[in-house]
Structure formats: structure tokens, C-alpha cells
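Residue numbers start from 1 in every chain, and the chains themselves are labelled A, B, ... in the order their sequence lines are given, proteins ahead of strands.
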There are 2 protein chains.
Amino acid sequence: MQVFIEHGYDATSVSSLAERLGLSKSALYHHYASKERLLELALDEAMGSLEAVLREPDATVGSAGERLEHVLRRAVRVLVDKLPFVTLLLRVRGNSEVERSALERRRTFDDQITVLVRAAQAEGSVRGDIRAAVATRLLFGMVNSIVEWYRPAGPEGAAELADDVLAVALDGLRTR
Amino acid sequence: MQVFIEHGYDATSVSSLAERLGLSKSALYHHYASKERLLELALDEAMGSLEAVLREPDATVGSAGERLEHVLRRAVRVLVDKLPFVTLLLRVRGNSEVERSALERRRTFDDQITVLVRAAQAEGSVRGDIRAAVATRLLFGMVNSIVEWYRPAGPEGAAELADDVLAVALDGLRTR
DNA sequence: GTCTATAAAGAGATAGAC
DNA sequence: GTCTATCTCTTTATAGAC
């Protein structure tokens, strides 16, 4: 995973994976059928964790505003906990059946968030002057961008990071 | 550029570029020294346009809050106007000297924005309870994510999109 | 389960004719 | 300025010994 992320999936050779693992290529192929199989397992790990968030009790009961806030906070947590897997997921472009399948799953996830945002708009907890699909994309654009810079070793913890994301996304950067 | 974006730079072969252009590989190599040279030109186009924003009059005079707002609005505009170039830039991972050079330029750009955010915090127009570096990253995480979904053909114009970004980033999604 | 050796295909890039 | 043919290197993946 580390090598995939450092150089990108396509730019990573099986040789370099084997080298980092201290194995020969053949030994690696003994455990995994193909380079793409590694990608498939990683994408499944990422999408599975994200989809699980939507099934949590706090994501299914309560006001739409509260549910959205919970989902956002948990999504940040999944990003941090499964950083390499989600990073890989977010860089997929649909170059193979495995990638296209992951993109489709992601689209379904996004659609469910959009429904949640729309419900929050309907109940009045989220501003209605921005289309739900656009708001969702900007929201998760911010959340997903975390994988580009967040490193667990840094000064900021996952909970603190989630607080910052929620603060900016919901209340904005401007002072009042 | 279109092919690079559809499949990613690494996964794109020179053959596929030539095919899309209706040329042979040799003809393409007559015009450009290498595949990497194409990347270099694209990255330079993207970074040059972004850097130019910081040199505009409205980005250098006035309050820090106003300057930040101007830079954000113009950055969205550059993203939309130079969509393929900026898309490519945002996906660079540092696999070669050309890529590392672009990443370095981008880091400098980010640093200048962070200085601006810090100044806006100091004057009181931006909330001070979030570290400037984190706020900048979340801000541009949202802005940059536009390349993942925005298509000029859609219902939303560039100015309208910038309004939405500014609204969410500065005032937040929550109603008051 | 690990290795060395190698197959088969595709990559980026070039030679040289027209 | 474009082409066909080709070079050289690297890629993913496999064969088969230990």
C-alpha cells in the first residue's frame, strides 16, 4: 500500500512491491494472483469501511442534520484509520473492470450522502440556496482532500481534525 | 490532455496519444521530445496560471480578507478555464524531476495562501481557532476537488460555481 | 513458500525513407 | 512533417527446482 501511494498504482511495478516486502516477485505471486488483485482487495477495504458508516445507528435515526454531521465525522475517521486504502480509492480512474466497479460503488455512496444533504435542506438545518449535489461534492471534496496531506504522526489527532472539518464545512471560515 | 486525464499520465501510452491525434507515434515525437515533455508543458501552464493570480492587483492591495476572497474566486476560475492542465497538476506524485519540480512550485503557492489566511486571522476576518495551515488545506481541498466532477457543459457556470465555493467555505453549510 | 530463469507483451524512443 | 519498421528496456506473469 505504501509503495502504491508513493508512486501511484500504475507507476508501481510488482518488482518494487516485492523488493519493499523483502521477497522475490514469484513469492509475491504465490500469495496474490496479480497486481490488480492487490488493488481490488485495497479498494474493497476502503469502500467497505465507508459503506459501514452509513449503516451505523447514528446515521439512520435522528434529524437529517444530526445524521449528516455524524456521517461526516465518521467519514473523516475512516479516512484517517484506513488512510492508504482510501487514498488509493480516491485516485482510481476506471482503467479496468476492478476500478470501474469501485467507482460505481463510490457513486452509490455519494448519492446516499446527497439524499441526506437534501433532507437536511428540507428540514431547514442546511442552507437551501446551493444544490444538494454541489454541496455534497464540495463537502466531500474537502473531506477527501485530507488524504493528500494528513499524516498520523503530526500534531493533529483524528478527532481534532474532524472538529476542524465540521467547523469549516458547517460554520465557515468567516468570523461573525 | 484529454487522454492523460481519462487514464492518468502513467497509464497513458504514447501510442494512445498518437492514435487520438490521428498521427503515428513518430510524427508525435517529431513535435515533442518525449512523453514527459508533454507533462512538463501542461504542468507549467497550470502553475503559471495559478501563480499569476497571486500577482493580480486585487490580490496585493486591500484587507487580507478581501485579498483571500479574490484569490479563491480567481483560483476557481483558473481551475475551470484550465481544467485539463490543473487536473494533471493535482495528480502529480513526484515520480520524476519534472513532477518534483511542479510539486515544489505548488508548495510555494500553498505557502503564500497560508500567509494570507494567517493575515486574515490576525485582522479578525477569519476565525482564529483553526491553524492557518489546516484551514488553507481544507479550503484548497474543497477548491481543487472541483476538477474531479465539474464539466463546463453542465448547468453551472464558472462564476456561479465560485459563488457556491465562497459561500460554503466562508459562511458554511449550516443555516442560522 | 521461496527462489532463479524466462516467457510474452508492451512501453518509450529512434532510424531512415518519402 | 509523416510514415513503417525496429531497437531496447521494462513490464506482468509463469515454469519448475528446491
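- In this structure, a donor-acceptor pair under 3.5 Å is present between the side chains of Glu123(B) and Ser125(B).
- At a threshold of 4.0 Å, the pair Glu148(A)-Arg91(A) counts as salt-bridged, since one of the basic side-chain nitrogens sits closer than that to a carboxylate oxygen.
- For the pair Leu139(A) and Met142(B), the minimum side-chain heavy-atom distance is 4.5 Å or more.
- Rounded to 10 degrees, the angle separating the terminal axes of the helix from dG1(C)-dC18(D) to dC18(C)-dG1(D) is 0°, with each axis obtained from five end pairs.
- Ser16(A) comes within contact range of no nucleotide atom at all, as no heavy-atom separation falls under 4.0 Å.
- Here Ser24(A) lies in heavy-atom contact (under 4.0 Å) with a base.
- Taking a heavy-atom distance under 4.0 Å as the criterion, the stretch of DNA chain C touched by chain B extends 5' to 3' from dA11(C) to dA15(C).
- For the pair Gly124(B) and Thr175(A), the tightest heavy-atom approach, listed with the atom from each and the gap, is O-OG1, 2.6 Å.
- Salt bridge absent: Arg93(A) and Glu6(B) never bring a charged side-chain N and a carboxylate O closer than 4.0 Å.
- Cation-pi geometry between Lys35(B) and Phe4(B) is not met: the NZ or CZ atom fails to fall both under 6.0 Å from the ring centre and inside 45° of the normal.
- Qualifying side-chain hydrogen bond (donor to acceptor under 3.5 Å, both in side chains) partners for Arg77(A), counting only residues two or more places apart in sequence or in other chains: Asp81(A).
- Under a cut-off of 6.0 angstrom, the local environment of CD in Glu19(B) is sparse, with at most 12 non-hydrogen atoms contributed by other residues, nucleotides or ligands.
- For the pair Tyr29(B) OH and dC7(D) C1', the interatomic distance rounds to 13 Å; values are reported in whole Å.
- For the pair Leu38(A) CG and dT12(D) P, the interatomic distance rounds to 11 Å; values are reported in whole Å.
- Residue order along DNA chain D, read from the 5' end via each residue's closest nucleotide, puts Ser26(B) first among Ser26(B) and Lys25(A).
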